[in-house]
Structures are given as structure tokens and as C-alpha cells.
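Not measured: the values here are computed from a predicted model.
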Amino acid sequence: FGELSSAELRAVFDNDIYMQFSGRLPSLDELSRVKVDVIFPCTDTHIAKYSKQSRVMVRETPAMHEQVTSAWVAKKAVRDRQWVYNILDRKKEVERLLFENP
């Protein structure tokens with residue numbers, strides 16, 4: 001792990017429990033670029049979300065969004081969506097906004 005201790009990482013963003021860093025490992029060529037996503041503290045839900053799983057494609061209609069997705073989001077604890085409120089309230093990731101409708 002000697003190379004990791006001298007890795008050159010820079011923070012890309014930090015929003016609630018989500019952080020991202022980019023950089024490179026020393027003594028390696030240009031292919032040594034790394035991107036590190038950190039969730040701290042993470043929960044069993046995070047681990048399940050980022051573990052290998054099968055994928056499906058769903059074409060969501062406005063009615064499906066209202067009946068299924070919106071209802072699911074409304075049931076989630078505010079803490080689980082704090083990162084979204086940080087962006088909407090312009091507390092975090094402001095420099096990453098591509099477009100804002102005044």
C-alpha cells in the first residue's frame with residue numbers, strides 16, 4: 001500500500017455523506033488516473049445498491065411516476081434525500097450546475 005499513501009488526490013465534491021476524489025497513483029503512467037467515490041457513513045442500503053445486481057429498463061410514464069416513484073420518494077426519510085436538498089438549496093455542488101431555470 002506504499003503507493004496509495006503517496007497518491008495525489010483532490011476533492012471533486014463533498015455533499016452530505018457523498019464525496020468524490022480524483023487523482024493518480026505515483027510512479028505509474030497516465031493510465032494510473034483514479035476516481036474514488038466515498039459514502040460515509042454508509043448503510044446496508046448503500047452496500048446493496050452498489051453491489052452487483054441484475055438490471056432492467058423501465059419506460060416510466062407520468063402516471064407511473066406519480067403513483068410509484070413519487071410515493072416511494074415521499075416514504076423515504078428526509079436524511080436519505082439530504083444530498084438533493086443541499087443541491088436545490090445551493091449549499092453544495094453549485095459549481096457543477098449546468099443549467100438553472102431562474
Side-chain angles (χ1 to χ4, degrees):
F1 294 107
E3 288 185 5
L4 292 179
S5 65
S6 59
E8 300 169 13
L9 294 176
R10 69 173 182 80
V12 175
F13 73 84
D14 176 357
N15 184 351
D16 194 41
I17 64 171
Y18 302 96
M19 294 160 271
Q20 187 179 89
F21 301 88
S22 69
R24 67 177 201 82
L25 299 175
S27 75
L28 297 175
D29 60 19
E30 187 61 27
L31 297 177
S32 67
R33 296 254 172 233
V34 293
K35 178 182 125 188
V36 180
D37 293 311
V38 177
I39 302 172
F40 182 80
C42 79
T43 63
D44 289 339
T45 302
H46 291 109
I47 293 169
K49 178 180 177 180
Y50 292 100
S51 296
K52 187 174 180 178
Q53 53 191 280
S54 61
R55 306 279 184 195
V56 296
M57 176 73 81
V58 175
R59 191 173 303 252
E60 184 180 53
T61 65
M64 289 169 63
H65 182 80
E66 185 62 34
Q67 295 168 1
V68 179
T69 307
S70 290
W72 179 79
V73 170
K75 285 193 283 187
K76 301 290 280 179
V78 171
R79 176 73 184 130
D80 293 340
R81 343 183 262 267
Q82 185 59 50
W83 67 274
V84 175
Y85 293 123
N86 287 345
I87 294 169
L88 294 174
D89 295 339
R90 299 180 57 83
K91 293 179 181 176
K92 296 285 186 171
E93 301 186 51
V94 176
E95 69 284 354
R96 296 171 57 112
L97 290 174
L98 300 177
F99 175 78
E100 186 173 18
N101 190 359

Undergrad: Identify the heavy atoms of D14 and D16 that sit nearest to each other, and give their distance.
TA: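 Taking D14 first and D16 second, the nearest heavy atoms are OD1-O, 3.8 Å.
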Undergrad: What pair of heavy atoms forms the shortest contact from V73 to R81, and how long is it?
TA: O-NH1, 2.7 Å
Undergrad: Working to the nearest 0.5 Å, report the span between CD of Q20 and CD1 of I39.
TA: 11.0 Å
Undergrad: To the nearest 0.5 Å, what is the distance between NE2 on H46 and CG on D80?
TA: 7.0 Å
Undergrad: What is the minimum heavy-atom distance between V12 and S22, and which atoms define it?
TA: CG2-OG, 3.7 Å
Undergrad: Taking atom CD of E66 as the centre, report whether more than 12 heavy atoms of other residues, nucleotides or ligands fall under 6.0 Å from it.
TA: no
Undergrad: Using every non-hydrogen atom in the two residues, find where F13 and Y18 come nearest and quote the distance to one decimal.
TA: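 Where F13 meets Y18 most closely, the heavy atoms are CE1-O, 4.0 Å.
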Undergrad: N15 pairs by side chain to side chain contact (heavy atoms under 4.5 Å, CB included) with which of K92, R96, K91, Q82?
TA: K92
Undergrad: If you round to the nearest 0.5 Å, how far is CZ of R24 from CZ of R10?
TA: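 Answer rounded to 0.5 Å: 13.5 Å.
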Undergrad: I'd like to know whether CG of D44 has more than 12 heavy-atom contacts from other residues, nucleotides or ligands below 6.0 angstrom.
TA: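 For D44, atom CG is not crowded (no more than 12 foreign heavy atoms under 6.0 Å).
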Undergrad: Do V58 and V68 share a hydrophobic cluster (ILVMFWY, side-chain heavy atoms under 4.5 Å, transitive)?
TA: no
Undergrad: Would I47 and C42 count as a side-chain contact (heavy atoms from CB on, under 4.5 Å) if you check the C-alpha gap in whole Å, the side-chain angles of each, and the deciding distance to 0.1 Å?
TA: CA-CA 7 Å; I47 293 169; C42 79; 4.1 Å; yes
